[in-house]
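The chains referred to below are lettered A, B, ... by the order of the sequence lines, with proteins before strands, and numbering in each begins at 1.
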Number of protein chains: 2
Amino acid sequence: MRVHDVSDVLHAPYDRGMTEPSTTLADALREQIIAGDFSPGTRLSEAAVAARLDVSRNTLREAFRVLAQHGLVEHIPHRGVSVASPTTADVVDIYRARRLIECGALRGASPLHPSVADMRAALERAEAALEEADWATVGTANMAFHRALIALSDSPRLERSHGHLAAELRLAFLAIDDPESLHRPFVARNRTVLEALVGAGPDAAADELERYLTESERRVLGAYARMGRD
Amino acid sequence: MRVHDVSDVLHAPYDRGMTEPSTTLADALREQIIAGDFSPGTRLSEAAVAARLDVSRNTLREAFRVLAQHGLVEHIPHRGVSVASPTTADVVDIYRARRLIECGALRGASPLHPSVADMRAALERAEAALEEADWATVGTANMAFHRALIALSDSPRLERSHGHLAAELRLAFLAIDDPESLHRPFVARNRTVLEALVGAGPDAAADELERYLTESERRVLGAYARMGRD
DNA sequence: GTCGCACGGATTGTTGAACAATGCGGGTCC
DNA sequence: GGACCCGCATTGTTCAACAATCCGTGCGAC
């Protein structure tokens, strides 16, 4: 069953912590969105969401502005915001940007960079989850692998941009809803990338990564086509 | 004389047009900031800016959130927002990201792409402004050249990221306030890049662009060092 | 003198209510 | 069936208020 309205979703009010709601609020909403609490395309009524999260409309609107900048939410004037639902063109663009940024980061990386350990750790988590057919965890770990890969560049701004791409892409995965075929084949490929990096060197790893991304894009687009998606 | 408080700046209320203030408002503020109406580091008091732009604090805060996401403004909880003032580390990071994105876009580009015409047009504007020692226009045209260069990638997301980098970098230029040395030498280099693209091909152009960016970074960092800047 | 600390003013964070402006759906009329 | 119009729901924005936090100031202790 698909969720098509906020009211269909039950969840606790976001956790009020020590920081300001308006900052944390966007984070909380982001987490819920990429966790799939609201499926892509869901309309987010200001009044409904504000009531459910127990914040005022004004505060919520600030959070929405942030999410809209991240591409996680689409804001159309006088028509409200809805969870972004990446089109085929969006997917193509996301992968184009990923290829450029990830391969570039990898090509300029040192195999001795501390993040290599993070990549390895993420890879091992993915391989462990693979054993148990826990595709959600596999997906998360794959994501972490690529995040660590970008960290090789030591560039906060590239990490930020890549984070946005990853979040948007996750929405596309949610829309497809076939985690196994989207995540399973790519654990082995990630291992190949990592071993190429510490073995054959950054350029070979980047070439391998490029194949990875092209294949991943092909899968997503194929699924979209089968769904008759725009 | 440097501006250090909003109250020092005189300007008309932002132009109320047909679209919603909250969207246009961020744009208007962005324009004013990158035009140098508020010098980097200036504190932007909510009450003062709201009064001057004739909007409510709530609406202004939405705009601030957007600008903060763009990196144009720094928002510290309970301490308000100030115009970003890129540190040396920021400059290094911005150039690192620019090198990766711009060189990557160029390397994957076709010399037959329509944006090549835009690059040429921007270059000619820069060369014309150079004749008249109009450094501000030279800077704007140089910026447009690189924007057109990114457009070679046909990736809206890369264009957006690059736009943010360019805006942040402009703040660094504002802080330096020596437009001639920052813009003059690079017109000829842009021509070299363009001619390499249509002549020797994308890879040669990318190599040239890399030298361009390294040299530009060196100038900015040098100026920062001479200013005793963080 | 200066270090720590309490106090108060100023600013930010958030709320709730209100109203204008816009979009959407339904009904009517031709 | 299609064009038009009207009413309702939602968004965009403002305002006033209050809580929470920060910052400068002055005081006292050492």
Side-chain angles (χ1 to χ4, degrees), chain A residues 3-9 12-30 33 38 41-69 72-85, chain B residues 3-9 12-30 38 41-69 72-84:
Chain A
V3 178
H4 282 295
D5 191 298
V6 183
S7 320
D8 301 342
V9 182
Y14 82 100
D15 182 40
R16 281 183 189 270
M18 34 186 52
T19 54
E20 303 314 317
S22 42
T23 305
T24 307
L25 183 55
D27 292 345
L29 264 170
R30 202 190 73 240
I33 289 174
F38 315 95
T42 305
R43 174 78 177 287
L44 296 176
S45 149
E46 291 187 357
V49 178
R52 198 164 302 277
L53 272 57
D54 195 35
V55 295
S56 75
R57 273 182 63 214
N58 282 322
T59 302
L60 178 63
R61 283 171 61 87
E62 290 185 24
F64 276 168
R65 295 285 180 187
V66 173
L67 296 178
Q69 290 298 318
L72 270 179
V73 133
E74 189 184 16
H75 181 151
I76 305 176
H78 290 287
R79 286 202 233 166
V81 319
S82 20
V83 178
S85 186
Chain B
V3 178
H4 282 296
D5 191 300
V6 183
S7 319
D8 300 341
V9 182
Y14 82 100
D15 182 41
R16 281 183 190 268
M18 34 186 51
T19 56
E20 303 314 318
S22 41
T23 305
T24 307
L25 183 56
D27 292 345
L29 264 170
R30 204 189 72 240
F38 314 96
T42 305
R43 173 79 175 286
L44 297 175
S45 149
E46 292 186 358
V49 178
R52 198 163 303 275
L53 270 58
D54 196 34
V55 295
S56 75
R57 272 182 63 214
N58 283 323
T59 302
L60 178 62
R61 283 171 60 87
E62 290 185 24
F64 276 168
R65 295 283 178 184
V66 173
L67 296 179
Q69 290 298 317
L72 270 179
V73 133
E74 189 184 15
H75 181 148
I76 303 177
H78 291 288
R79 285 201 232 166
V81 317
S82 20
V83 178

From [atom1] of [X] over to [atom2] of [N], roughly how many Å is that when rounded to an integer?
| X | N | atom1 | atom2 | answer |
| --- | --- | --- | --- | --- |
| B:Leu25 | D:dG12 | CG | P | 14 Å |
| A:Glu46 | D:dT11 | CD | P | 5 Å |
| B:Glu62 | D:dT11 | CD | P | 12 Å |
| B:Phe64 | C:dT12 | CZ | P | 8 Å |
| A:Glu74 | D:dT11 | CD | P | 14 Å |
| A:His78 | C:dG23 | NE2 | P | 6 Å |
| B:Leu60 | D:dT14 | CG | C1' | 13 Å |

task = Answer whether the closest heavy-atom distance between the side chains of A:His75 and A:Arg65 falls below 4.5 Å.
result = yes
inquiry  = Could you check whether any side-chain heavy atom of A:Gln69 comes within less than 4.5 Å of a side-chain heavy atom of A:Val66, counting everything from C-beta outward?
reply    = no
request  = For a side-chain contact (heavy atoms from CB on, under 4.5 Å) with B:Leu67, tell me which candidate from B:Val83, B:Leu29, B:Leu44 qualifies.
outcome  = B:Leu29
message = Starting the side chain at C-beta, find the nucleotide from D:dT13, C:dC24, D:dT21 nearest to A:Arg61.
response = D:dT13
ask   = Closest to the A:Arg43 side chain: D:dT11, D:dT13, C:dT11?
value = D:dT11
Could you tell me whether the phosphate oxygens of [N], OP1 or OP2, come under 4.0 Å of any side-chain nitrogen or oxygen in [X]?
| X | N | value |
| --- | --- | --- |
| A:Arg79 | C:dC24 | yes |
| A:His75 | D:dT10 | no |
| A:Thr59 | C:dG13 | no |

note = One should read off an interatomic distance between A:Leu72 CG and A:Ile33 CD1, to the nearest 0.5 angstrom, of 5.5 Å
ask   = Taking atom CZ of B:Arg52 and atom CG of B:Leu60, what is their separation to the nearest 0.5 Å?
value = 12.5 Å
note = Closest heavy-atom pair, A:Gly41 versus A:Ser85, reported as atoms and distance to 0.1 Å, is N-CB, 3.9 Å
Show me the protein contacts with nucleotides 16-20 of chain C, counting only N or O atoms at under 3.5 Å.
from	atom 1	to	atom 2	distance (Å)
C:dG16	O6	A:Asn58	ND2	2.7

